[in-house]
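As a basis for the values below, the full set of heavy atoms in this structure was taken, side chains included, without hydrogen atoms, waters or symmetry mates.
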Amino acid sequence: PFHVHTVDLKGMLTSQSGSSNIQEEARKIRYDFFRALVAEHRYHKIATAHHQQDKVETFLTNMMRGTGLAGLVALQPESGDLVRPLLFATKSEILAYATTMKLTWSEDRSNADTHYLRNKLRHQVIPALAAIQPNFQKRWLENMEQLKMAHDWLDECHKQWARSVIRSFENGFRLAAADLSSKNLYPLYLLLAKYGFNLVQTTEIVESFTVRQYSNRNWKSKTHLAVQERTYLEINPYAEKSTVLYPLQFAEDRQFTLHGMLFEIKSIKSEDDFVTNSNVVFLPNTTGDKNLVLRNRKPGDYIQPEGMKGT
């Protein structure tokens, strides 16, 4: 069966404030359509017509975007629900076959627009590389196969390392300080990247534990918070905002996280310990009650600083 799906792509991009890249948006729409067909008709795989030059273009594109090793070995013969049966062939071989068999095909007009990074690489960079070394594509593909083998080996090593160091804790996990050395920087980055942390943050974490620096004790991703303690690093997902009451125990100094924020409770002996900091609140313990409750603000709540009148 032949399936057709038509969309007003330019109209969609005009009405949205997100991506303005027609090619990227079109790719997303195509694959969403393909996967909907797979689900509807119970197909097993989605076959695409990517060839060797597509693989080189993807390598260069991901290199420029800084996607890491995983991005450099993308576009494999099989990946999840995708298969790419023509990766063995060059573009010229496919065109020659289509011409010989008198096949017709359609060209996407946007493929000629060098405004897009991939097209700029296709029409300007790759021809220049071919002029320098006519067989560069063959050599690059061989190197990419070696990168794939290195990636697979490193991935397996990383999985074994992660299993040996992760200690589950409540909703998150902990990593011992002894495992956060510079020699473990790369496997640590692969682990933390899954939770949204980047290489700069991972490097800072390792450096902080190496020199025992505690001035920057937490790092944030979009979904998780990493908190440094003296003997371990704790990673937790941000808690959903709720109206749950959180009791504060003032019997001893301690730290805790709530709604992705780091709190520290510390007793002071005298007014000489006061500091001027907008992130610090001093609460007098005039009643002798060492328990308070932290909750969301409610209508009617107010605060009256000591020594001031009114609210």
Side-chain angles (χ1 to χ4, degrees), residues 1-91 93-95 97-98 103-113 115-122 141 144-145 147-148 151-152 155-156 158-159 190-191 193-198 221-224 237 240:
F2 181 70
H3 305 278
V4 177
H5 181 52
T6 305
V7 297
D8 178 11
L9 191 56
K10 287 188 177 180
M12 291 176 59
L13 292 177
T14 301
S15 63
Q16 296 175 0
S17 59
S19 172
S20 60
N21 189 320
I22 292 180
Q23 288 193 326
E24 290 294 332
E25 192 64 26
R27 181 186 182 279
K28 180 181 182 302
I29 292 173
R30 281 199 306 272
Y31 281 95
D32 286 346
F33 175 56
F34 295 156
R35 290 188 169 101
L37 290 175
V38 168
E40 180 182 353
H41 299 280
R42 299 184 180 180
Y43 295 144
H44 299 291
K45 295 288 183 179
I46 300 170
T48 68
H50 290 99
H51 48 72
Q52 287 186 0
Q53 186 170 318
D54 289 317
K55 192 166 184 176
V56 174
E57 290 173 5
T58 299
F59 176 89
L60 289 169
T61 301
N62 290 342
M63 173 73 80
M64 296 190 69
R65 289 176 175 171
T67 60
L69 186 56
L72 300 184
V73 299
L75 221 61
Q76 293 301 310
E78 185 169 0
S79 177
D81 59 354
L82 298 175
V83 292
R84 303 178 180 95
L86 297 180
L87 278 183
F88 72 93
T90 65
K91 181 178 181 179
E93 289 172 339
I94 294 174
L95 290 175
Y97 176 84
L103 302 176
T104 58
W105 64 90
S106 298
E107 286 282 350
D108 186 341
R109 285 182 300 175
S110 69
N111 286 343
D113 187 350
H115 170 75
Y116 303 109
L117 173 60
R118 180 178 286 271
N119 292 346
K120 194 170 293 184
L121 295 171
R122 177 182 301 160
L141 290 169
M144 289 161 66
E145 284 303 310
L147 282 176
K148 178 64 167 62
H151 170 268
D152 291 347
D155 186 57
E156 185 58 35
H158 164 254
K159 290 177 181 177
L190 293 180
L191 174 62
K194 296 179 180 179
Y195 303 95
F197 297 97
N198 58 40
S221 73
K222 291 183 178 180
T223 58
H224 285 71
E240 295 292 333

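Contact annotation: the side chain of Glu78 approaches that of Lys45 to within less than 4.5 Å [non-hydrogen atoms, C-beta and beyond]. Between Thr48 and Tyr31 the shortest side-chain heavy-atom distance falls below 4.5 Å. Looking only at side-chain heavy atoms (C-beta outward), Ile29 and His5 come within less than 4.5 Å of each other. Taking 4.5 Å as the limit, every side-chain heavy atom of Val38 sits out of range of all side-chain heavy atoms of Asp81. In this structure, Met63 and Leu60 have side chains that are not in contact, with every pair of non-hydrogen atoms separated by 4.5 Å or more. No side-chain heavy atom of Arg122 sits less than 4.5 Å from a side-chain heavy atom of Thr61. A heavy-atom distance below 4.5 Å is found between the side chains of Leu117 and Arg65.
Separating the CZ atom in Phe88 from the CD atom in Gln52 is a distance of 9.0 Å, to the nearest 0.5 Å. Remark: His151 NE2 to Leu69 CG distance equals 5.5 Å, nearest 0.5 Å. Here the CG-CD distance, from Asn62 to Glu57, works out to 11.5 Å after rounding to the nearest 0.5 Å. Residue Leu103 holds its CG atom at 6.5 Å from OH of Tyr97, rounded to the nearest 0.5 Å. Taking CD1 of Ile94 as the reference point, atom CG of Leu86 lies at 5.0 Å (rounded to 0.5 Å).
Closest approach of Leu141 to Val56, counting heavy atoms only: CD2-CG2, 4.2 Å. In terms of heavy-atom proximity, Glu93 sits nearest to Ala89 at OE1-CA, 3.4 Å. Contact record, Tyr195 with Thr223: O-OG1, 3.4 Å, taken as the closest heavy-atom pair. When all heavy atoms of Asn119 and Ala112 are compared, the pair lying nearest together is ND2-N, 4.1 Å. For the pair His3 and Phe33, the tightest heavy-atom approach, listed with the atom from each and the gap, is CB-CZ, 3.8 Å.
In this structure, the side chain of His41 does not engage the main chain of Tyr43 through any donor-acceptor pair within 3.5 Å. Distance alone, capped at 3.5 Å, places no donor-acceptor pair between the Ser79 side chain and the Leu82 backbone. Side chain of Arg84 to main chain of Gln76: a donor-acceptor pair is present (N/O by atom type, distance under 3.5 Å, no hydrogens or angles).
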Under the criterion side-chain contact (heavy atoms from CB on, under 4.5 Å), I'd like the reasoning laid out for Leu121 against Met64: C-alpha separation, chi angles, the key distance, then a yes or no. CA-CA 11 Å; Leu121 295 171; Met64 296 190 69; 3.9 Å; yes
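For His44, the NE2 atom sits in a loose shell: 12 or fewer heavy atoms of surrounding residues, nucleotides or ligands are nearer than 6.0 Å.
If you run side-chain contact (heavy atoms from CB on, under 4.5 Å) between Val73 and each of Lys148, Lys55, Met144, only Lys148 comes through.
A cation-pi geometry, defined here as NZ or CZ lying under 6.0 Å from the six-membered ring centre and within 45° of its normal, does not hold between Arg30 and Phe34.
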